[in-house]
Amino acid sequence: RRPTMVNNVDHTLHFHAECSQPLTWVIVELESPWAADSRALIRMRFWSPAGALLATAVQEMLIRTVPNGAGSSVSPAAKL
């Protein structure tokens, strides 16, 4: 199956630490512990180059899919 539409239903962002210096990059850890019934839960953690946990984000997503090879039966509006 392939996604045809993905929407953010709800999200939260928690900040855990301040950066002591301007960031040039961050490490992002992404996991999806649950996905079923056209919904998914996504958890992200943002780490500084020094290894400090900066923030945690949690999102609930709404996902609509079609079977692979069913592209011709999808309306143009659904492809947006």
Side-chain angles (χ1 to χ4, degrees):
R1 300 190 67 86
R2 61 180 176 83
T4 59
M5 181 176 59
V6 179
N7 290 332
N8 184 9
V9 176
D10 191 14
H11 64 274
T12 60
L13 182 61
H14 301 275
F15 294 96
H16 303 291
E18 282 191 40
C19 298
S20 58
Q21 60 186 358
L23 292 175
T24 56
W25 57 271
V26 295
I27 298 170
V28 178
E29 176 185 25
L30 174 68
E31 65 177 327
S32 181
W34 181 82
D37 302 325
S38 298
R39 293 184 181 249
L41 180 67
I42 300 159
R43 187 179 306 135
M44 293 176 283
R45 292 180 186 93
F46 302 89
W47 305 85
S48 73
L53 179 61
L54 301 174
T56 302
V58 179
Q59 290 183 315
E60 181 184 2
M61 304 297 288
L62 177 65
I63 303 168
R64 298 288 185 223
T65 62
V66 296
N68 285 335
S72 60
S73 64
V74 177
S75 71
K79 292 182 179 181
L80 298 177

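Leu53 contributes atom CG, which lies 9.0 Å from atom CD of Glu29 (distance to the nearest 0.5 angstrom). For the atom pair Asp10 CG and Leu41 CG, the distance stands at 10.0 Å (nearest 0.5 Å). Note that the CZ atom of Arg43 and the CH2 atom of Trp34 stand 13.0 Å from one another [nearest 0.5 Å]. Taking NE2 from His11 and CE from Met61, the interatomic distance works out to 10.5 Å, rounded to the nearest 0.5 Å. Taken from CZ in Phe46 to CG in Leu54, the straight-line distance is 9.5 Å, to the nearest 0.5 Å.
For residues 47-59, the side chain to side chain donor-acceptor pair (under 3.5 Å) pairs, not counting sequence neighbours, are His16-Thr56.
With hydrophobic clusters built from ILVMFWY side chains whose heavy atoms lie under 4.5 angstrom apart, Val58 does not share a cluster with Ile27.
Remark: Glu18 pairs with no residue by the salt bridge (charged side-chain N to carboxylate O under 4.0 Å, His left out) rule, at least two apart or across chains.
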